[in-house]
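When reading the values below, keep in mind they use all heavy atoms of this one structure, side chains included, and skip hydrogens, waters and symmetry mates.
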Amino acid sequence: MTTSKAGFKRFEFFDVESLSIIQGGGQNQISINPVYKLNCGASESGTIVFGDNCGQIFLLDGRFFNQTESGNGGNANQNFDKRHKLFRKEIMGLSIIHDSSCKFGSAPKQYVIALGDEGKSSSPTAVDKNVEEEGFTYGIKIASLSDFSKPIAVINATLSSLIVSNALNAVVTAFAVMQDGSQIAVGYSNGAILLLYLVPVSALKDLRDSIAFAAGSMNNAFTATFLLTSHFAPVSALHFAELPVQPQTSHASHRRLIRLFATFDTTMRDKMEQENISSPKVKLDPSVYGEEVDAAGIVVFDTSTFNGMVAMNNNSAKVLDDRGATSHCSTYTRGTCELVVGRSEAIYNYSVEDRGAAMAVFGEKISLCAVGRYTLIANMDEKSTTDAAASGTTLITKPRKTIINIFDLKNKIICGTAKKYQLPVNEKILFAFSDSSTIAGTVYIVTAPSFTIIRFKEKETRKKIDVLLNASKPPLYSLAILLAAEEQLDPAEIMALYKTYGDYFYENNEFDSAMSQYCHTIG
């Protein structure tokens, strides 16, 4: 165990592995044409997909990391040769979902939901014809991971057909998908938010429907509505949250409590207010949104469903904060059902009802990503960027490094690595994404210009307890017992920890404290 300068205890709860994306390939390397620049990624059950600037999907088997760990090398060339053209231009967002309607005993099918830029073409194909519009043309495509040749659904997601503020030049800035694919949200640079309610993915096969751009429009594949048509700030992030339903009524099993967190990039407005310059504000109709939204930075929308249909009186909005967040600086943690936002002075937590706790973590935030019940935070090193030369007259600028930590925000500890994990000078984070389907949290970071994939994989519970008891001086029994309870370790093992804790006190002649721990083992 070590301690950070801010006083946080550090523990080795994650294993770190990296793969270089270069031409040629080899040990711990992936071969890829340098023309292709990765834009986004997603992971589910060990399957990893990447989208690039040329509209291609790349597949990577997560087991390749395991092969390199064991020294077997792995054939990375074969993995990244599995590329599939899905859009004419760049892919801007990805998500992987399972088809839960598969027959018993058969392997579940995986589908990718991709948001991309189709661009303009004088002779669009049959697949692309549905999403061809003037100006920017964005589309959402759903395809089986086993067959990208024919998407099972194509949805137009461009704003240029709408008569709304700045719609013609609006670009996509945020994308979110429910874990089962039942809802999709798209955010735009003019502050608009498009929400889609989809039928089960199994029912989408061979449907090719274009969206009718009108709030509340419906067809046999999905329902489309606009939660917002404009805002003074661009949408920086969207996050779905499904809340537990209390089984109080006979209809509870048919109801899904779903919320959509929306953050806006209010940095320009905040800077203007600091300089005492009047800033723009937007007011939404209270009769539509349930309350007045005035220059909101973080808003949560009710997108609940009942029997698979849009619930009554939903889409109401609740303002959580007038300050927003920049792109990549917010994430959602399922374990606590909270939105986590990073700003230069601190990390803030938000429930669906209000702002919660905050933790002082200084430094310019670059990226946040939930990983299990922990949160990965990347920020710039706060060290001084200038040093005096030997003569004492010249200041030399020192480039700052990007620092990566993984926090247990609830227990106020750093649990990513025992030492501060830094990227090389001038190496930047492009994007980060996690695989929430696995029991142990796993997060992937893609950096540039070296184009390296870094994986942080959470250790098993027993190994983390071993770190707390055997790699810490003195042993942290209280934290180990708390960890075992939070991760639902077998009760017999938790009782064994209490007994060992009691023995520790007994050996140090602290008999009252020992008796207190032994009492936990009774019953």
Side-chain angles (χ1 to χ4, degrees), residues 90 92-93 95 113-118 131 133-140 155-178 183-198 210-218 222-240 258-269 279-303 310 314-322 324-328 330:
E90 63 178 328
M92 311 173 75
S95 181
I113 299 180
L115 171 68
D117 185 354
E118 281 291 3
V131 294
E133 296 286 346
E134 292 295 328
F136 292 100
T137 304
Y138 300 110
I140 298 172
I155 305 172
N156 192 337
T158 184
L159 287 184
S160 60
S161 298
L162 280 178
I163 306 176
V164 295
S165 176
N166 299 322
L168 184 61
N169 297 318
V171 297
V172 169
T173 54
F175 181 61
V177 180
M178 275 287 291
Q183 294 186 25
I184 300 175
V186 184
Y188 300 86
S189 58
N190 69 335
I193 300 176
L194 171 66
L195 177 66
L196 302 172
Y197 294 89
L198 271 71
S210 290
I211 181 173
F213 283 96
S217 64
M218 297 184 65
F222 54 84
T223 301
T225 184
F226 278 92
L227 301 179
L228 288 177
T229 56
S230 64
H231 194 277
F232 80 91
V235 181
S236 57
L238 296 167
H239 305 278
F240 280 107
I258 303 172
R259 301 293 187 269
L260 176 64
F261 288 102
T263 66
F264 299 88
D265 189 349
T266 61
T267 50
M268 183 62 69
R269 191 272 316 267
S279 58
K281 295 183 178 181
V282 61
K283 294 181 182 290
L284 306 182
D285 186 354
S287 63
V288 176
Y289 293 98
E291 66 173 277
E292 188 176 38
V293 180
D294 189 358
I298 301 177
V299 182
V300 59
F301 295 91
D302 185 349
T303 64
V310 180
N314 71 338
N315 296 345
S316 60
K318 184 177 182 64
V319 176
L320 299 179
D321 202 338
D322 61 347
T326 56
S327 179
H328 303 298
S330 64

_Within this structure, what is the CZ-OG1 distance for the pair Phe264 and Thr326, rounded to the nearest 0.5 Å?_
14.5 Å
*Of all the heavy-atom pairs spanning Ser189 and Ala170, show the shortest one and how long it is.*
OG-CA, 3.4 Å
*Would you check if Phe301 and Ile193 make a side-chain contact, meaning some heavy-atom pair closer than 4.5 Å?*
yes
_Interatomic distance, Leu194 atom CG to Tyr188 atom OH [nearest 0.5 angstrom]_ = 4.5 Å
*asked:* If I compare all heavy atoms of Asn156 with all of Tyr138, which pair ends up nearest, and what's the gap?
replied: OD1-O, 3.4 Å
_Could you tell me if the side chain of Asn190 sits less than 4.5 Å from the side chain of His231, heavy atoms only?_
no
*Would you say the side chain of Val299 lies within less than 4.5 Å of the side chain of Leu227, judging by non-hydrogen atoms?*
no
*Considering only heavy atoms from C-beta outward, does the side chain of Tyr197 approach that of Ile258 to under 4.5 Å?*
no
*asked:* For the backbone of Ala325 and the side chain of Ser236, can you confirm whether one donor and one acceptor N or O come within less than 3.5 Å of each other?
replied: yes
_Any donor-acceptor pair under 3.5 Å from Thr173 side chain to Val235 backbone_ = yes
*Minimal non-hydrogen separation, Ile298 against Gly324, with atom names*: CG1-CA, 4.1 Å
*Where do Leu115 and Ala157 come nearest, in terms of heavy atoms and distance?*
CD1-CB, 4.4 Å
*Where do Val172 and Met92 come nearest, in terms of heavy atoms and distance?*
O-CE, 3.7 Å
_His239 side, atom NE2; Thr263 side, atom OG1 - distance, nearest 0.5 Å_ = 5.5 Å
*Going through the checks in order, is the side-chain contact (heavy atoms from CB on, under 4.5 Å) test met by Ile140 and Leu196?*
CA-CA 11 Å; Ile140 298 172; Leu196 302 172; 3.8 Å; yes
*asked:* Measuring from atom CG of Leu238 to atom CZ of Phe261, what distance do you get when rounded to the nearest 0.5 angstrom?
replied: 12.0 Å
*If you round to the nearest 0.5 Å, how far is CD1 of Ile113 from CD1 of Ile184?*
4.0 Å
*Could you tell me whether a side-chain N or O of Gln183 sits under 3.5 Å from a main-chain N or O of Thr303, the two making a donor and an acceptor?*
yes
_Please find the pair of heavy atoms, one from Ala296 and one from Phe232, that lie closest to each other, and give the distance._
O-CE2, 4.1 Å
